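This is a predicted model, so every value here is computed, not measured. In what follows, residues are counted from 1 in the order of the sequence shown. In each ligand, atom 1 is the first atom listed, and ligand 1 is the first ligand listed.
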Amino acid sequence: MSRDGAPLVDLRCESHTYPDGTVGMHDIEFSVYPDESIALVGGNGAGKSTLLEHLNATLVPDDGELVVDGTPITEDTKAYARKAVGFVFQDADTQLVAPTVLDDVMFGLQNYGVPGDEANQRAREALAAVDASHLEGRIPHHLSGGEKRLVGLAGVLVLDPSVVVLDEPLAGLDPERAQLVADRIQRVHDEGISVVFSTHDLDFAAEVADRVYVMADGNVIGSGTPREVFYDDGLLDEANLHPPSAVRVARDVGIGAIAQPVTETDLVSLLTDTGDSKTVQTPSIDDRGRD
Ligand SMILES: Nc1ncnc2c1ncn2[C@@H]1O[C@H](COP(=O)(O)OP(=O)(O)OP(=O)(O)O)[C@@H](O)[C@H]1O
């Protein structure tokens with residue numbers, strides 16, 4: 001991940017006001033660089049979806065600008081933003097429109113004039129990329145929540161985007177399906193596509209993101225690596241967030257100040273490197289107070 005060079009997406013939004021007068025977000029400057037994975041976290045109504053929907057011009061600022069791959073986005077170039085920045089909606093039903101899953105994934109390509117045979121081949125490849133080939137003949141509306149998320153992701157990947165945006169990709173999924181979707185998102189990122197997602201699951205954010213943006217009251221109030229953000233109690237308090245479980249456990253066993261693990265994997269390897277959890281040197285109460 002590098003934040004040198006030109007961003008893939010560069011958004012400046014002084015404010016976004018919804019038709020009923022509610023200000024969804026304000027004073028935002030947000031960029032996505034190649035090969036990044038960004039998590040947006042914050043309480044309900046903090047402005048996460050509003051920000052995400054600006055990244056492919058689904059929403060536009062009252063005053064501001066969106067630049068995608070160097071192209072300023074206007075009414076005439078919105079289609080370019082939609083193709084370069086794929087959006088997986090939280091409510092998958094708004095995205096799935098065709099009679100079968102395969103037709104659905106082909107739909108976007110056909111809109112761009114890709115001939116039937118090629119569209120069919122590419123749609124099958126996109127479904128395979130998220131391990132959803134077995135769903136190709138199914139009726140989209142009959143799929144489970146997790147299956148719909150995967151098919152939505154395939155429908156976006158098929159267009160070969162530079163950035164994939166996902167609004168609450170794990171919302172409403174059971175732990176097994178959530179893990180499956182999280183793994184597929186990680187795989188998309190591993191393949192070099194930048195990923196931006198909102199989530200209330202800070203364990204997931206710590207696992208997948210290399211940068212975390214914290215939102216409150218329609219504004220970004222802090223950002224940094226997962227370690228910088230998830231050990232910043234003042235920032236998390238301001239956004240009404242609790243640290244990920246690995247951070248809480250690390251503090252409970254007295255190693256939060258020393259190694260600052262943010263994921264369960266970090267925590268386990270730290271505990272096993274040191275012997276096991278029973279043999280970790282526990283700092284004195286005074287040391288813990290400095291966490
Ligand atoms: N279509 C709309 N019309 C009017 N106000 C809206 C609309 N959509 C969102 N808002 C308002 O904009 C603000 C930001 O909402 P947004 O949905 O972006 O927050 P969020 O962080 O995604 O919340 P959540 O975690 O609950 O999904 C809130 O005050 C919300 O009520």
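Taking atom 6 (C) of ligand 1 as the reference point, the nearest protein heavy-atom neighbour is Y18 CD1, 3.3 Å. The shortest contact between atom 17 (O) of ligand 1 and any protein heavy atom is with S49 CB, 3.8 Å.
Side-chain heavy atoms closer than 4.5 Å link hydrophobic residues (I, L, V, M, F, W, Y) into clusters, and following such links, even through other members, never connects F89 to V156. Grouping the Ile, Leu, Val, Met, Phe, Trp and Tyr side chains by contacts below 4.5 angstrom, directly or via other members, places V220 apart from V195. Hydrophobic cluster membership is shared by M106 and V114, with clusters built from Ile, Leu, Val, Met, Phe, Trp and Tyr side chains linked at under 4.5 angstrom. The hydrophobic clustering, which links ILVMFWY residues whose side-chain heavy atoms are closer than 4.5 Å, places L235 and I28 apart.
Hydrophobic clustering, defined by side-chain heavy atoms of Ile, Leu, Val, Met, Phe, Trp and Tyr closer than 4.5 Å, groups Y18 together with L59. Cluster partners of V67, using a side-chain heavy-atom cutoff of under 4.5 Å among ILVMFWY residues and allowing indirect links: none.
In this structure, G47 has a heavy atom closer than 4.0 Å to ligand 1.
Against a heavy-atom cut-off of under 4.0 Å, G43 is close to the following atoms of ligand 1: 21 (O), 25 (O). Ligand 1 places these atoms under 4.0 Å from at least one heavy atom of H200: 25 (O). Taking every heavy atom of T50 and a limit of under 4.0 angstrom, the matching atoms of ligand 1 come to 14 (C), 15 (O), 16 (P), 18 (O). Listed by atom number, the atoms of ligand 1 under 4.0 Å from A46 heavy atoms are 19 (O), 20 (P), 21 (O).
For R12 and E14, the salt-bridge test passes: some basic side-chain N is under 4.0 Å from an acidic carboxylate O.
Contacts between M215 and ligand 1 below 4.0 angstrom, taking non-hydrogen atoms only, are absent altogether. When non-hydrogen atoms are compared, ligand 1 lies under 4.0 Å from the backbone of N44 as well as from its side chain.
Under the 30°/60° scheme for interplanar angles, the aromatic rings of F197 and F204 are found to be tilted.
At a distance under 4.0 Å, a protein heavy atom can be found next to atom 3 (N) of ligand 1. Note that atom 30 (C) of ligand 1 has no protein non-hydrogen atoms nearby, at separations under 4.0 angstrom.
When the options L51, V23, T22, V41 are ranked by their closest heavy atom to atom 11 (C) of ligand 1, first place goes to T22.
Ligand 1 has a nitrogen or oxygen under 3.5 angstrom from a nitrogen or oxygen of G45. Remark: ligand 1 and G24 share no N or O pair separated by less than 3.5 Å (distance only, no angle test).
Just one of D183, V181, L157 meets the side chain to side chain contact (heavy atoms under 4.5 Å, CB included) condition when paired with V130; it is L157.
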